[in-house]
Amino acid sequence: QVQLVESGGGSVQTGGSLTLSCGVSGYAYSWRCMAWFRQAPGKEREGVATIDSDAVTTYADSVKGRFTVSQDSAQSTVYLQMNSMQPEDTAMYYCAADRRLASCAGNSPVPLSFNYWGQGTQVTVSV
């Protein structure tokens with residue numbers, strides 16, 4: 001059973017920083033693409049960043065230059081470092097995993113492409 005567990009959410013002021021973590025567990029599983037999505041109330045879930053098993057990364061235009069996605073050497077934890085945060089970054093953040101490298105193609109990952117999801121962690125940015 002593959003499990004993804006996010007942590008690190010919270011509340012920050014505009015201009016602040018947070019780092020989200022996504023722990024991956026489960027036997028006989030090698031992910032090829034990991035993604036961070038976010039969903040604000042009343043809005044569709046949107047892709048924020050991806051990282052593939054070769055550590056190639058992509059970012060949504062709205063976070064490029066402010067957010068950084070990375071992984072540990074064992075590829076068991078994926079991080080999302082968020083800097084210069086803005087109120088529009090307020091959302092529930094989810095990590096997702098898929099075995100297909102193609103799921104990381106482009107900078108707009110498609111939620112339906114991902115088979116495994118975490119429970120989400122809330123991020124709130126206040127003015």
Side-chain angles (χ1 to χ4, degrees):
Q1 182 74 20
V2 176
Q3 287 188 318
L4 305 179
V5 180
E6 301 101 334
S7 61
S11 297
V12 295
Q13 292 186 326
T14 297
S17 299
L18 279 176
T19 299
L20 306 182
S21 299
C22 175
V24 184
S25 62
Y27 71 98
Y29 178 82
S30 295
W31 60 265
R32 299 298 306 278
C33 175
M34 290 285 291
W36 285 97
F37 290 86
R38 66 186 181 186
Q39 188 167 20
K43 294 189 177 181
E44 292 186 355
R45 190 167 296 191
E46 65 170 346
V48 175
T50 67
I51 184 166
D52 69 22
S53 50
D54 295 322
V56 175
T57 59
T58 69
Y59 298 93
D61 289 341
S62 59
V63 306
K64 200 170 293 183
R66 299 189 298 122
F67 290 12
T68 302
V69 60
S70 62
Q71 61 190 5
D72 67 358
S73 58
Q75 297 184 341
S76 61
T77 304
V78 175
Y79 304 95
L80 185 68
Q81 172 69 42
M82 304 183 291
N83 298 324
S84 302
M85 298 185 72
Q86 303 297 315
E88 51 266 35
D89 295 320
T90 295
M92 185 72 79
Y93 282 71
Y94 301 89
C95 65
D98 197 70
R99 299 185 182 191
R100 298 163 295 182
L101 191 62
S103 295
C104 273
N107 66 346
S108 298
V110 178
L112 289 176
S113 296
F114 291 81
N115 291 316
Y116 303 98
W117 290 83
Q119 81 287 354
T121 186
Q122 179 67 39
V123 170
T124 302
V125 184
S126 59
V127 176

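- Put simply, the side chain of Gln122 reaches to within 4.5 Å of the side chain of Thr90, judged on heavy atoms.
- Both Val69 and Val24 are members of a single hydrophobic cluster when ILVMFWY side chains are connected at heavy-atom separations under 4.5 Å.
- Between Cys33 atom SG and Asn115 atom CG the span is 11.0 Å, to the nearest 0.5 Å.
- With hydrogens and angles disregarded, a donor-acceptor distance shorter than 3.5 Å links the side chain of Gln119 to the backbone of Glu6.
- In the hydrophobic clustering, where aliphatic and aromatic side chains (Ile, Leu, Val, Met, Phe, Trp, Tyr) are joined below 4.5 Å either directly or transitively, Val110 groups with Leu112.
- Ser103 and Pro109 get closest at one heavy-atom pair: O-CB, 4.3 Å.
- Atoms OH and CG, on Tyr79 and Asp72 in that order, are 5.0 Å from each other to the nearest 0.5 Å.
- Distance alone, capped at 3.5 Å, places no donor-acceptor pair between the Glu46 side chain and the Glu44 backbone.
- Linking Ile, Leu, Val, Met, Phe, Trp and Tyr whenever their side-chain heavy atoms come within less than 4.5 Å puts Val12 and Val48 in one cluster.
- In this structure, Tyr59 and Arg66 have side chains that are not in contact, with every pair of non-hydrogen atoms separated by 4.5 Å or more.
- Ser126 and Gln13 form no side-chain donor-acceptor contact under 3.5 Å, judged by distance and modelled atom types alone.
- The CG atom of Leu80 lies 7.5 Å from the OH atom of Tyr93; values are rounded to the nearest 0.5 Å.
- Hydrophobic clustering keeps Val78 apart from Phe114 (ILVMFWY residues linked when any side-chain heavy atoms are closer than 4.5 Å, directly or through intermediates).
- Side chains of Thr14 and Pro87 form a contact here, defined as non-hydrogen atoms less than 4.5 Å apart.
- Between Val63 and Arg38, some side-chain heavy-atom pair lies under the 4.5 Å cut-off.
- For the atom pair Ile51 CD1 and Arg32 CZ, the distance stands at 13.0 Å (nearest 0.5 Å).
- Leu4 and Val123 fall within a single hydrophobic cluster, where Ile, Leu, Val, Met, Phe, Trp and Tyr are joined by side-chain heavy atoms under 4.5 Å apart, directly or via other members.
- Put simply, CG on Leu18 and CD on Gln81 are 8.5 Å apart, with the number rounded to the nearest 0.5 Å.
- One hydrophobic cluster holds both Trp36 and Val125 under the rule that ILVMFWY side chains link at heavy-atom gaps under 4.5 Å.
- Contact of the Ser113 side chain with the Arg100 side chain is registered, since non-hydrogen atoms from C-beta on lie closer than 4.5 Å.
- In this structure, OG1 on Thr50 lies 11.0 Å from CE on Met34, to the nearest 0.5 angstrom.
- Side chains of Trp31 and Gln71 form a contact here, defined as non-hydrogen atoms less than 4.5 Å apart.
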